[in-house]
Amino acid sequence: MTLWLFKSEPDEYSLQDLAAEASGFGRWDGIRNYQARNFLRDRVAIGDGVLFYHSACKIPAVVGTAEVVRAAYADPAQFDPESKYFDPKASADKPRWYCVDLAWRSEFARPVPLADIKKNPQLTEMVLVKQGRLSIQPVRQEEWDSIVKLGGK
DNA sequence: GCCAACGTTGGC
DNA sequence: GCCAACGTTGGC
């Protein structure tokens, strides 16, 4: 099993939106960055744990956890001309973009802000700190444990 | 097959 | 809204 950190803009899709899904899971779609896609397509698997991170907001922070309940499949939005995620270069034969399904697992008692993560000597090796602008990234077990502990869950 | 240009991301 | 880092693209 692999552990991950997924970033989402809360205005677009928040942890609370995931928790409120009537079906019990949400589609993690709209990934249009190649590095993130490669992780999603090749490495993300059912049962993997996900730290849910809110980005591009006032206080960027890890806010809870989720679990992968369906591995990569072609993101339907790329085929829909009405969607803002439409990609004219993608075809059903050769999909360019992928998505997975996630289920909500927990909401932290205290969100763990990026600023705190950067200051924490145990967490300076996180991809989140070392490489910005990557919306899907692997997380080490000890990093996961530290952050979940800081979150109070 | 090199490499400059491009699109996406996201903290500041 | 700036701009830096990344993978991909495409002209040559």
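Naming convention: chains lettered A, B, ... in sequence-line order (proteins, then strands); numbering from 1 in each chain.
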Trainee: Would you please indicate yes or no on a ring centroid separation below 6.0 angstrom for Trp104(A) and Phe25(A)?
Mentor: no
Trainee: Is Tyr53(A) touching bases, backbone alone, or none of the nucleic acid, heavy atoms closer than 4.0 Å?
Mentor: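 Touches sugar-phosphate only.
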Trainee: Under 4.0 Å, counting only non-hydrogen atoms across every strand here, what does Lys118(A) touch: a base, just sugar-phosphate, or nothing?
Mentor: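 Since only primed, P, OP1 and OP2 atoms lie under 4.0 Å of Lys118(A), the category is sugar-phosphate.
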Trainee: Nucleotide range of DNA chain B contacted by chain A, 5' to 3', under 4.0 Å to a heavy atom?
Mentor: dT8(B) to dC12(B)
Trainee: Considering only distance and modelled atom types, tabulate donor-acceptor pairs under 3.5 Å from the side chains of residues 86-95 of chain A, sequence neighbours left out.
Mentor:
unit_1: Asp87(A); atom_1: OD1; unit_2: Lys89(A); atom_2: N; d: 2.8
unit_1: Asp87(A); atom_1: OD2; unit_2: Trp97(A); atom_2: NE1; d: 2.8
unit_1: Ser91(A); atom_1: OG; unit_2: Lys94(A); atom_2: N; d: 3.0

Trainee: Report yes if the side chains of Leu51(A) and Trp4(A) come closer than 4.5 Å at any heavy-atom pair, otherwise no.
Mentor: no
Trainee: Closest-nucleotide mapping onto DNA chain C: is Lys89(A) or Gln35(A) further toward the 5' terminus? I mean the 5' end.
Mentor: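 Here Gln35(A) is the residue nearer the 5' end.
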Trainee: Could you tell me the separation between the CZ atom of Phe6(A) and the OG atom of Ser135(A), rounded to the nearest 0.5 Å?
Mentor: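 Interatomic distance, Phe6(A) CZ to Ser135(A) OG, rounded to 0.5 Å: 9.0 Å.
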Trainee: Report yes if the side chains of Met126(A) and Ile117(A) come closer than 4.5 Å at any heavy-atom pair, otherwise no.
Mentor: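 Yes. Closest side-chain heavy atoms under 4.5 Å.
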